[in-house]
Amino acid sequence: MPELPEVEVVRRGLVSWVRGRTITGVEVLDPRSIRRHALGVEDFIGNLEGATVADVVRRGKFLWMPLVDTAGGGRAADAPESPRPKVALMAHLGMSGQLLMQDREVPDEKHLKVRFRLSPRDAMPAQLRFVDQRIFGGLFVTAMVPTDDGGPGGLAESPLPLIAEEASHIARDPLDPAFSFDLFYRRLRRRRTGLKRALLDQGLVSGIGNIYADEALWRAKLHYARATDTLRRAEAERVLASARDVMLDALAAGGTSFDSLYVNVNGASGYFDRSLNAYGRAGQACKRCADVGIQASIRREQFMNRSSHTCPVCQPRPRNGRW
DNA sequence: CATTCGTCCTGATAGC
DNA sequence: TGCTATCAGGACGAAT
């Protein structure tokens with residue numbers, strides 16, 4: 001389940017393989033993976049063929065490649081005076097999406113949805129492939145529009161003062177150097193909802209999915225139903241710091257096990273085996289309570305049509321939403 | 001306006 | 001064995 005750390009691992013892996021290369025061919029094997037592209041698959045392909053990838057950037061879980069025309073003899077994107085990108089190839093990995101660099105000899109993956117052929121470069125793989133079993137993810141082309149908030153952020157190496165239009169409603173993530181806690185806290189307090197709902201709202205704070213929401217709440221000793229409009233500043237700081245910490249841990253784990261030749265979303269899988277304290281641990285002991293000699297087991301409940309994992313002892317359900 | 005809920009999708013697994 | 005039911009969940013758009 002790619003959340004922020006996994007998407008960032010993919011971005012870092014992808015950038016050195018695709019930046020400056022030209023898309024020479026696009027093959028859409030399953031049109032369902034071309035989402036939100038109103039003008040259809042033919043237009044999608046037409047926008048991409050002949051364009052050069054200028055960068056790979058991210059906002060929250062949205063990942064995109066700004067594209068520049070390859071006019072006048074194929075000048076590379078990183079050449080001086082390179083033109084500003086007008087459009088970008090946008091990707092969202094959804095639940096099961098992968099972006100893979102593959103040599104042309106490698107047989108098609110079972111769930112291969114889209115194949116991009118790239119201009120040759122040294123010994124680099126010739127193809128970028130989008131593989132997606134459950135089709136919650138997708139690709140589309142979107143306009144690059146000006147932004148006054150300093151660019152995409154999301155740990156991008158060279159943020160442009162432009163953002164992909166379809167990601168402009170997404171808030172910054174907790175790892176983004178330009179993330180504003182004050183803005184987050186002001187908006188959080190204005191809401192009348194539960195804390196986990198707010199954490200999962202990508203327009204308020206991005207990059208957090210079901211797994212890291214449960215982990216951040218566990219670390220912060222807060223319950224998912226805690227009312228946002230009474231949340232104290234210290235509590236909000238605690239849950240944000242927890243989210244940041246758990247995602248940094250996952251990012252570090254993903255980074256170390258990441259094979260740069262094989263860009264995928266499983267880079268952080270080792271992390272899940274060892275380091276989760278709440279998610280997926282229903283019925284098992286709460287490690288923090290066990291450390292102080294208390295017996296408590298993680299409880300799984302349905303909330304928002306997904307499962308939520310809490311320790312009933314150290315994350316007690318709030319009364320009246322307050323505490 | 002803000003908030004919540006239904007929908008998209010496939011494969012693994014449980015139960016009969 | 002082989003069928004059906006259930007579960008997993010990100011994000012959008014419809015409904016409230």
Side-chain angles (χ1 to χ4, degrees), chain A residues 1-11 28-38 58-64 90-99 108-114 130-140 142 154 163-174 184 186-217 224-231 243 247 250 265-266 268-269 272 276 278-283 298-309 321:
Chain A
M1 284 150 266
E3 301 183 26
L4 183 151
E6 293 75 25
V7 180
E8 176 63 14
V9 165
V10 170
R11 190 197 69 77
V28 176
L29 292 91
D30 188 340
R32 291 176 301 177
S33 288
I34 310 307
R35 306 206 149 210
R36 294 205 250 170
H37 196 94
R58 178 180 67 75
R59 174 68 79 94
K61 304 174 205 170
F62 283 85
L63 185 76
W64 68 91
M90 175 73 89
H92 197 293
L93 301 178
M95 286 295 297
S96 53
Q98 296 174 291
L99 286 165
D108 288 2
E109 293 76 8
K110 184 177 180 189
H111 299 291
L112 178 63
K113 303 298 183 184
V114 183
F130 181 69
V131 177
D132 191 10
Q133 181 208 112
R134 284 154 83 170
I135 330 185
F136 269 39
L139 306 176
F140 53 96
T142 181
I163 192 166
E165 190 169 28
E166 295 282 325
S168 57
H169 64 297
I170 302 294
R172 289 182 184 275
D173 66 69
F184 165 76
R186 267 201 309 278
R187 298 185 61 202
L188 184 74
R189 289 280 302 213
R190 282 206 296 264
R191 301 203 172 197
R192 300 173 59 81
T193 186
L195 180 53
K196 182 169 175 178
R197 265 208 174 83
L199 293 177
L200 293 174
D201 185 337
Q202 306 296 303
L204 181 64
V205 54
S206 70
I208 303 174
N210 198 46
I211 295 171
Y212 294 115
D214 280 4
E215 291 300 308
L217 289 166
Y224 59 78
R226 181 71 166 79
T228 52
D229 58 347
T230 62
L231 201 73
M247 292 197 290
V265 298
N266 299 318
S269 60
F272 294 109
L276 294 180
Y279 184 86
R281 296 196 67 249
I298 301 293
R299 175 190 295 164
R300 193 186 113 186
E301 294 162 291
Q302 286 301 116
F303 176 70
M304 292 175 71
N305 273 334
R306 32 181 67 64
S307 34
S308 284
H309 307 75

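Please read all numbers here as calculations on a predicted model, not as lab measurements. First the proteins, then the strands, lettered A, B, ... as listed; each starts at 1.
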Q: Return the nearest nucleotide to the side chain of A:Y279; candidates are B:dT3, C:dA8, B:dT10.
A: C:dA8
Q) Would you say A:Q202 reaches C:dA11's phosphate, i.e. side-chain N/O to OP1/OP2 under 4.0 Å? A) yes
Q | N/O (side chain, A:R306) to phosphate O (OP1/OP2, C:dG10) under 4.0 Å | A | yes
Q) Looking at A:H169, does any N or O in its side chain come under 4.0 Å of the phosphate oxygens OP1/OP2 on C:dC12? A) yes
Q: Would you indicate which nucleotide in B:dT4, C:dA8, B:dT10 comes nearest to any side-chain atom of A:S307?
A: C:dA8
(Q) Please classify the nucleic acid contact of A:E166 as base, sugar-phosphate, or nothing, using heavy-atom distances under 4.0 Å. (A) nothing
Q) Are A:Q302 and C:dT6 close enough that a side-chain N or O sits under 4.0 Å from OP1 or OP2? A) no
**Q.** A:I135 side chain, from C-beta outward: closest of B:dC5, C:dG10, B:dT10
**A.** B:dT10
Q: Among the candidates B:dC8, C:dA11, B:dT3, find the nucleotide nearest to the side-chain atoms of A:R36.
A: C:dA11
Q: Side chain of A:R300 only, please: which of B:dT4, C:dG10, C:dA8 is the nearest?
A: C:dA8
**Q.** Under 4.0 angstrom between A:R197 side-chain N/O and B:dC5 OP1 or OP2
**A.** yes
Q | Candidates A:R58, A:R59, A:K61 - the one meeting salt bridge (charged side-chain N to carboxylate O under 4.0 Å, His left out) with A:D173 | A | A:R58
Q: Verify the contact: side-chain N or O of A:R192 to OP1 or OP2 of B:dA2, cut-off strictly under 4.0 Å; return yes or no.
A: no
Q: Verify the contact: side-chain N or O of A:H92 to OP1 or OP2 of C:dC12, cut-off strictly under 4.0 Å; return yes or no.
A: no
Q.
At less than 4.0 Å, is any side-chain N or O atom of A:R134 found next to OP1 or OP2 of B:dC8? Yes or no.
A. no
Q) With respect to the phosphate group of B:dT10, does any side-chain polar atom (N or O) of A:R32 fall under 4.0 Å of OP1 or OP2? A) yes
Q: Taking the side chain as every heavy atom from C-beta outward, state whether A:F130 and A:L99 have any pair of such atoms under 4.5 Å apart.
A: yes
